[in-house]
Amino acid sequence: MTDGPATPILDRVQQPSDLASLDDAQLRLLADELRAETIDIVSRTGGHLGAGLGVVELTVALHAVFRAPRDKIVWDVGHQCYPHKILTGRRDRMRTLRMGGGLSGFTKRQESAFDPFGAGHSSTSISAALGFAMARELGGDPGDAVAVIGDGAMSAGMAFEALNNAGHLGRRLFVVLNDNGMSIAHPVGALSSYLSRLEGGSPIGPTMFEELGLSYVGPIDGHDMDALLATLRHARETATGPVLIHVATKKGKGYAPAEAAADRGHATAKFDLRTGRQDKSTGNAPSYTSVFARALIDEAGRDDRIVGITAAMPDGTGLKQFAERFADRCFDVGIAEQHAVTFSAGLAAAGMRPFCTIYSTFLQRGYDQVVHDVAIQGLPVRFAIDRAGLVGQDGPTHAGAFDIAFLANLPGFVVMAAADEAELMHMVATAAAHDDGPIAFRFPRGEGTGIDLPERGAVLPIGKGRVIAEGSGVAILSLGARLRQAMAAREMLMEQGIAPTVVDARFAKPLDRDLILRLARDHAALVTIEEGATGGFGSHVAQLLAEAGAFDHGLRFRSMVLPDSFVDHDAPDAMYDRSGLNAAHIVAKVLSVAGSPPQP
């Protein structure tokens, strides 16, 4: 009689405390099983793969040495947190990852006690972990605090602000630098070169981290479980102040298709386990990002003052294509949005025409610079704002909900929103030609509408909208990519005998005052719609109407905006449905205000 197959070690791990019963050899086997489980999960769900594969051994070692959730393990960004989620009681739900009602693709406090701090943006972990450490010193929750930060995230100023403060305070804190030689794209800047020299055994003398007041350990092989366990155990037993542990890992480790990919399998759709081939649907229309890239390249071919700036997102923003054509006029500044904005302001002050190309959600990190270094000085920086509106499976941390409101409130700013990809081309051309102060244009993630594209974008008159369909009774004033839904709503309303006017506003600032007041005079009701939060376009329209006395004559007004809540991850259509911004919701809103024209 032969014994049956051994029970996988991973099946015996329900919580991190279960690792205490495993010896080091079993922990090595657990890491192998955890890597295979991570690959299988992401092949079914899609998501961030490469970063998690690079920290499998580190994840096991951290949970074997520290005692979460008493000890706070803070993961930077969260791209690499899938193995952590598997080990912390969520394995049975991992195949709901990034789906509506399922697990988040990032760490999330509301999801688990093992996620002490949520993250969707980078470079926050050291600051947060230092907060936990100081709370412990002041009598708060006991336990250690561990920040796990990637080399790309370490390039941001906030990480160095936290290191500087940690060295000054001198309290027990663990910072694990996960150095995999890249973040989403290949790392840039002097820090990357410095870390490479450390891995090569140089420089001689104190490291930069030691000069900041942290003990430095490493670099160590992040895939050598014995070395990881020994190093972490020694640090945990002996540390009295802040310690930085430099761990060298390989993004995509253990899955050949990820290791061979240019981005090391950073983000993938569902894929075939054997080949790694992704299950990506091929759309009929080009993406907004690709249209932006082509339009910018076209404008730059005629104007050598045009330069592109990105903050570690050359692929996602389309500037990779721009760099292939104009290498000396494209600047990737690393994960440093504040610097990107002020660098762009300096370029503008020197007579260049900079396109500061940043996702809406990441531009939030540079808002002080937008105000002080761009708006107050009236500098003509062009902000190309990708991922406007709701973005799907990345959820609220990546949603572009607030840029209309926070930019349209700034004096002298021009703020545009593209209704389709042809409009986007016009807005690139408009921004390129605009030298009278800052200008921004926003566009959504994903595939365009399939509209015919002009050979070249046309310069739009600043602050002028366009009437798409003339009607009567009710006017729908749309800003941005909800225009298709507004037109679909019009078709549905016409079946009920209502033919609303539909207008593409184009500009959130300056408003088309003449057009909006004409709509108010000629219609009984006016409905605005935008892919943004309260305080944006609709609020500015309401202010204009109020000051002009339009409500004194009986005008009924409603604004449709994103809800006053953070919209959890789901398919984009489902997110907009929950937010009440699809065609059926527009129909309901129009019906709620439709009526006879006001009496003079």
Side-chain angles (χ1 to χ4, degrees), residues 47-48 50-52 55 72-82 84 98 104-111 115-132 147-163 175 177-178 180 182-185 187-189 191 263 266-267 309-317 332-342 356-370 383 385-403 406 442 445 533 566-569:
H48 295 104
V55 297
K72 311 300 188 294
I73 302 175
V74 182
W75 296 92
D76 213 282
V77 183
H79 291 148
Q80 72 277 53
C81 72
Y82 297 0
H84 159 79
R98 293 157 45 93
S104 169
F106 304 98
T107 53
K108 188 174 183 179
R109 282 175 54 83
Q110 299 92 326
E111 191 176 284
D115 292 355
F117 201 79
H121 291 185
S122 80
S123 316
T124 60
S125 60
I126 305 175
S127 297
L130 183 58
F132 283 116
V148 186
I149 183 168
D151 56 323
M154 190 68 88
S155 70
M158 185 174 175
F160 279 89
E161 292 169 16
L163 287 173
V175 178
L177 172 56
N178 172 33
N180 63 18
M182 66 184 301
S183 51
I184 296 175
V188 295
L191 178 63
D263 65 352
H266 174 72
I309 300 93
T310 179
M313 296 294 292
D315 292 275
T317 61
D332 183 351
V333 303
I335 302 177
E337 290 82 6
Q338 293 170 297
H339 168 60
V341 172
T342 304
C356 187
T357 307
I358 301 177
Y359 290 3
S360 172
T361 182
F362 298 142
L363 185 59
Q364 295 162 187
R365 297 162 67 103
Y367 187 58
D368 186 64
Q369 288 66 35
V370 172
F383 290 94
I385 304 173
D386 202 336
R387 271 49 171 191
L390 302 177
V391 296
Q393 294 170 321
D394 282 340
T397 60
H398 284 58
F402 308 111
D403 59 274
F406 71 61
R442 72 192 314 253
R445 178 184 188 178
F566 292 103
V567 184
D568 279 339
H569 58 275

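Treat the numbers as computed from the prediction; the structure is a model and nothing was measured. Index from 1, following the sequence.
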Using every non-hydrogen atom in the two residues, find where [X] and [Y] come nearest and quote the distance to one decimal.
X	Y	result
Ala162	Ser127	CB-OG, 3.3 Å
Cys81	Gly105	SG-O, 3.8 Å
Ala147	Ala129	CB-CB, 3.8 Å
Val55	Gln80	CG2-O, 3.5 Å
Gly152	Ile335	O-CD1, 3.5 Å
Phe362	Glu337	O-CG, 3.4 Å

Without swapping roles, check the side chain of [X] against the backbone of [Y] for a donor-acceptor pair under 3.5 Å.
X	Y	answer
Thr357	Thr317	no
Arg109	Gly118	no
Thr361	Thr397	yes
Arg445	Val391	yes

Measuring from atom [atom1] of [X] to atom [atom2] of [Y], what distance do you get when rounded to the nearest 0.5 angstrom?
X	Y	atom1	atom2	result
Ile309	His339	CD1	NE2	9.5 Å
Ile149	Thr124	CD1	OG1	8.0 Å
Gln338	Met158	CD	CE	9.5 Å
Glu111	Ser104	CD	OG	6.0 Å

Checklist entry - What do the steps show when you test Ser122 against Arg365 for side chain to side chain contact (heavy atoms under 4.5 Å, CB included), and what is the final call? => result CA-CA 10 Å; Ser122 80; Arg365 297 162 67 103; 3.9 Å; yes

Can you check whether [X] reaches [Y] side chain to side chain, under 4.5 Å on heavy atoms?
X	Y	answer
Val341	Leu363	yes
Ile358	Met313	no
Phe160	Met154	yes
Asp76	Val148	no
Trp75	Ser125	no

Next on the checklist: Below 30° counts as parallel, above 60° as perpendicular, anything between as tilted: where do the rings of Phe106 and His48 land?
Outcome noted: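 It falls in the tilted class, 30° to 60°.
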
Item to check | Aromatic ring pairing Phe402/Phe566, orientation class (parallel under 30°, perpendicular over 60°, tilted between) | outcome: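 Phe402 and Phe566: perpendicular rings.
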
Next on the checklist: Using a strict threshold of under 4.0 Å (side-chain N to carboxylate O), is an ion pair present between Asp568 and Lys108?
Outcome noted: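 A salt bridge is present here (some side-chain N lies under 4.0 Å from a carboxylate O).
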
Item to check | Residues Arg98 and Asp394 bridged, charged N to O under 4.0 Å | outcome: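 So Arg98 pairs with Asp394 through a salt bridge.
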
Checklist entry - What residues, two or more places apart in sequence or in another chain, satisfy salt bridge (Lys or Arg N to Asp or Glu O under 4.0 Å) together with Asp386? => result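 Salt bridge (Lys or Arg N to Asp or Glu O under 4.0 Å) list for Asp386, sorted by chain: empty.
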
Next on the checklist: Between Tyr359 and His398, is the ring centroid distance below 6.0 Å?
Outcome noted: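 No, too far apart.
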
Next on the checklist: Quick one about Thr107 and Asp115 (side-chain donor to acceptor, distance below 3.5 Å, no hydrogens or angles considered), yes or no?
Outcome noted: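 Their side chains do not contain a donor-acceptor pair, so the 3.5 Å distance test is not met.
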
Item to check | Test log, rule side chain to side chain donor-acceptor pair (under 3.5 Å), inputs Asp332 and Thr310 | outcome: CA-CA 5 Å; Asp332 183 351; Thr310 179; 5.2 Å; no

